[in-house]
There are 2 protein chains.
Amino acid sequence: MRPPGPQARVRLVDVAAHAGVSMKTVSNVVHDNPHVSPAMRARVERSIDELGYRPNLTARRLATGRTGMLALALPEMDQPYYAELARHVAEAAPEFGYRVLMEQTLLSADDEHAAIGSSQNGVVDGILLHPVRLTPEEIGALPRDLPLVLLGESAPPAADHVMIDNVAAARAVIQHLVDAGRRRIAFLGTVVDQLSDATAPRLQGYHEGLDDLGTPQADRCVLVCADYSVEASEAALSRALADGLQIDAVMCREDRFAVGALRALLRAGRRVPEDVAVVGWDDTEPARWSHPQLSSVAPDKRALARAALRLLHERIMGYQGAGRHVLVPHRLVVRASSQPAGDGGDAVDRRTSSRG
Amino acid sequence: MRPPGPQARVRLVDVAAHAGVSMKTVSNVVHDNPHVSPAMRARVERSIDELGYRPNLTARRLATGRTGMLALALPEMDQPYYAELARHVAEAAPEFGYRVLMEQTLLSADDEHAAIGSSQNGVVDGILLHPVRLTPEEIGALPRDLPLVLLGESAPPAADHVMIDNVAAARAVIQHLVDAGRRRIAFLGTVVDQLSDATAPRLQGYHEGLDDLGTPQADRCVLVCADYSVEASEAALSRALADGLQIDAVMCREDRFAVGALRALLRAGRRVPEDVAVVGWDDTEPARWSHPQLSSVAPDKRALARAALRLLHERIMGYQGAGRHVLVPHRLVVRASSQPAGDGGDAVDRRTSSRG
DNA sequence: GGGAAGTTTTACAGCGCTGTAGCGTCGGCC
DNA sequence: GGCCGACGCTACAGCGCTGTAAAACTTCCC
């Protein structure tokens with residue numbers, strides 16, 4: 001099977017002939033360029049309408065060298081956090097004049113590598129990548145021939161990069177839990193074996209927050225999940241509880257882990273939040289579906305998307321300077337899962353934003 | 001700010017000069033075309049490597065008229081069902097030789113309209129659209145100058161179209177609930193005011209299923225949600241329960257409504273599944289996070305994505321025939337939320353697939 | 001040794017658009 | 001009145017690749 005030949009479309013030259021002007025004048029009208037008299041503009045516009053002309057974007061691209069497209073490379077587009085991020089990027093991109101090409105890296109270093117490498121050549125003007133496997137060193141070492149902006153925690157100093165202040169956010173979680181009377185707070189995360197993992201700064205904030213409060217090491221507890229699933233999280237906490245772990249709060253590396261924690265606690269007969277408070281991370285919509293509704297660290301995803309687009313746009317427009325590292329605001333959304341006992345009611349926003 | 005000029009890249013002609021052959025021969029080597037002697041192939045490949053040549057996709061597109069890209073137009077990419085669908089499309093598209101451009105229609109008829117209209121001109125080879133606002137009539141009346149395949153329930157006969165057999169699936173839900181001893185089954189859906197809404201066939205299946213069983217109209221109950229949110233669903237069922245509605249099962253138009261139903265039932269003091277069974281629709285991952293875990297109608301999303309891609313690919317390759325309407329398999333995944341009392345344990349798959 | 005038949009390679013004209021250079025024309029100003 | 005600059009528009013050469021037609025080269029056979 002071969003594709004059929006391109007059906008005869010109306011071209012710029014056809015409009016020009018119909019209006020009795022040069023191609024360039026038509027082009028100027030299409031682009032609202034100056035130096036076109038109103039009369040001429042009207043005449044050309046009429047021809048455009050009559051002929052139903054629509055510019056061929058590919059040809060324009062070849063001529064200008066710009067594609068007006070961006071690649072958005074995310075690990076898994078069906079994970080709520082990434083899906084929400086994608087939505088914000090898709091919504092904001094048109095404002096910067098771009099369309100979004102989706103790329104899925106599926107938690108694979110090779111795919112992340114490929115997303116940066118210009119297999120893209122001539123397809124997109126720039127790349128938005130959220131790496132989870134490549135380390136900052138690896139990213140820094142890669143030849144980059146397209147503007148690149150990184151999302152998440154893994155970024156070499158030389159690259160543009162947008163994230164929230166994870167350490168501050170984690171400390172705010174600790175503060176909130178302690179304010180609510182919690183004393184034995186566990187951290188539920190992943191093995192911190194890769195610099196690219198967001199667990200590290202969050203765990204750091206956990207420790208710093210507890211340090212400030214003078215909490216002894218004995219009252220701390222870091223639990224490790226085998227992977228990023230609800231099941232792994234449930235298993236990790238269940239095992240710890242069965243082993244006699246005594247806690248009155250769990251702070252989780254992400255919402256999915258918090259969901260797993262809720263399950264483990266339910267199964268172990270602990271009440272949430274009366275016996276144990278639970279706080280998640282990312283404030284994804286499905287986490288609000290849980291019962292009790294989940295408290296969570298909420299990155300300003302809209303701001304994240306816009307900041308990343310702005311940085312990328314500037315690069316595409318020729319900015320050649322040093323890597324910029326932008327912190328976008330976040331807040332801690334307190335819901336039922338970490339409410340002090342007897343303090344029911346709706347969500348309370350404790351804003352703890354930061355800027356960089 | 002203006003973009004910098006294109007940095008000097010290696011072009012086909014450069015490789016040709018370096019290898020001392022014609023451009024076309026280089027092109028043939030790049031494309032693995034026949035009629036190139038092994039010696040010549042080796043020589044050209046060496047030049048390609050030495051120069052680091054990478055073809056310019058835009059130029060190729062202009063020359064061939066094909067872009068190798070598809071638009072995937074979905075209402076909201078952060079809704080779990082659409083996010084999961086997007087993931088499957090993104091994963092399968094490369095096998096058909098396409099990349100995926102994301103388009104978000106945000107529940108707006110205008111945006112759906114725009115997705116079909118070729119503002120796209122020259123950007124994509126075809127369009128995958130899941131309409132929720134445009135009616136089949138409206139879609140049928142639209143001028144289509146690009147191959148189009150529709151997902152979901154809203155499709156005119158003339159267009160290619162992929163979905164599951166909603167009526168059969170709904171009947172299977174009824175059968176399952178009745179088998180589990182349920183007698184008063186409510187349907188939780190939306191106002192059926194638009195043909196484009198998926199509620200209609202599901203509601204039809206609900207009635208047909210109950211008709212077969214001779215269930216009197218008095219034992220049926222159709223609840224209407226104001227919009228697609230968990231809150232609207234919770235409110236609708238809560239109100240009905242407060243008004244004295246007596247039911248032992250709820251079948252929901254989608255998982256979000258089922259989550260809302262779980263909340264309403266919990267709030268009203270009804271146990272799930274002991275007092276009331278709940279079944280959702282779409283089998284999205286977050287629904288498996290609920291407690292109790294949600295039974296749900298699971299469309300084979302992978303098959304859905306592949307079937308749609310296949311139809312679209314055939315259109316792009318020149319198929320001109322009548323609209324094809326493909327039914328992909330689905331199954332009912334039974335989990336705790338609709339388990340017969342005392343019948344705990346893991347999920348059981350009741351397969352009820354259909355083909356068309 | 002001369003063609004026929006087939007294979008390999010080349011030359012070049014597009015694909016549809018934009019950027020640049022340049023040509024008239026007009027008005028303003030010394 | 002003549003010159004200059006600004007304006008409005010045109011002509012045309014690319015952008016980098018592919019498809020076609022034809023040339024060049026082999027091979028094979030009589």
Side-chain angles (χ1 to χ4, degrees), chain A residues 2-45 47-48 51-68 118 120-123 125, chain B residues 2-45 47-48 51-68 118 120-123 125:
Chain A
R2 298 198 60 249
Q7 58 210 19
R9 295 206 117 274
V10 180
R11 293 156 306 162
L12 193 58
V13 64
D14 300 322
V15 178
H18 185 269
V21 300
S22 77
M23 287 167 60
K24 187 68 230 237
T25 296
V26 178
S27 173
N28 284 336
V29 170
V30 169
H31 288 283
D32 254 339
N33 285 349
H35 306 317
V36 179
S37 65
M40 178 78 12
R41 182 176 303 275
R43 176 145 62 110
V44 170
E45 276 168 352
S47 291
I48 288 177
L51 268 45
Y53 169 70
R54 314 186 126 277
N56 179 316
L57 279 306
T58 303
R60 181 181 294 171
R61 281 170 191 180
L62 183 58
T64 61
R66 293 201 51 209
T67 71
S118 58
Q120 310 292 4
N121 203 348
V123 179
D125 294 332
Chain B
R2 298 199 60 249
Q7 58 210 19
R9 295 206 118 275
V10 180
R11 293 158 306 163
L12 193 58
V13 64
D14 301 321
V15 177
H18 184 270
V21 300
S22 76
M23 288 169 58
K24 187 68 232 235
T25 297
V26 178
S27 173
N28 283 336
V29 170
V30 169
H31 287 284
D32 254 340
N33 284 349
H35 306 316
V36 179
S37 63
M40 179 76 17
R41 184 178 302 276
R43 177 143 62 106
V44 171
E45 275 168 354
S47 291
I48 288 177
L51 267 44
Y53 168 71
R54 312 182 127 282
N56 179 315
L57 278 308
T58 303
R60 180 179 295 171
R61 281 170 191 182
L62 184 59
T64 60
R66 293 202 51 210
T67 71
S118 56
Q120 310 291 5
N121 204 348
V123 179
D125 294 333

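Proteins get letters first, then strands, A, B, ... in listed order; numbering begins at 1 in each.
No salt bridge links A/R9 with A/D14; every basic N to acidic carboxylate O contact stays at or beyond 4.0 Å. In this structure, B/D32 pairs ionically with B/R41, as a charged nitrogen and a carboxylate oxygen lie closer than 4.0 Å.
Here the side chain of B/Y53 is nearest to one of D/dC9, D/dT18, D/dC17, namely D/dC17. Across C/dT9, D/dT18, C/dG16, the shortest atom-to-atom separation from the side chain of B/H35 is found for C/dT9. The side chain of B/A59 sits closest to D/dG16 out of D/dT18, D/dG16, C/dT10.
Each of B/A63 and B/G20 was matched to the nucleotide of DNA chain C holding its nearest heavy atom; the match closer to the 5' end belongs to B/G20. Along DNA chain D, the nucleotide closest to A/M40 and the one closest to B/K24 are compared, and the more 5′ of them pairs with A/M40.
Straight-line distance from the CG atom of A/L12 to the P atom of C/dT18: 6 Å, rounded to whole Å. Taking atom CG on A/N33 and atom P on C/dC17, their separation rounds to 15 Å, with Å as the unit. The nearest whole Å value for the distance from the CZ atom in A/R43 to the P atom in D/dG8 is 15 Å. Taking atom NE2 of A/H31 as the reference point, atom P of D/dC9 lies 17 Å away to the nearest angstrom. D/dA11 atom P lies 11 Å from atom CE of A/M23, rounded to whole Å. One atom, CG of A/L62, and another, P of D/dT18, lie 12 Å apart when rounded to the nearest Å. One can place CZ of B/R41 at 15 Å from P of C/dT7, the figure rounded to the nearest angstrom. Going from atom CG of A/N28 over to atom P of D/dA11 covers 14 Å, rounded to whole Å.
In this model, the phosphate group of D/dC9 is not approached by any side-chain N or O of A/S22 to a distance below 4.0 Å at OP1 or OP2. Using a 4.0 Å cut-off, no side-chain N or O of B/S37 falls inside it from OP1 or OP2 of C/dT8. Put simply, A/T25 has a side-chain N or O that comes within less than 4.0 Å of OP1 or OP2 on D/dT10.
Atom NE2 of B/H35 sits about 15.0 Å away from atom CE of B/M40, to the nearest 0.5 Å. Note: B/I48 CD1 to B/L12 CG = 8.0 Å, rounded to the nearest 0.5 Å.
A/T58 and B/R61 make their closest contact through CG2-CB, 3.4 Å (heavy atoms, listed as atom of the first residue, atom of the second, distance).
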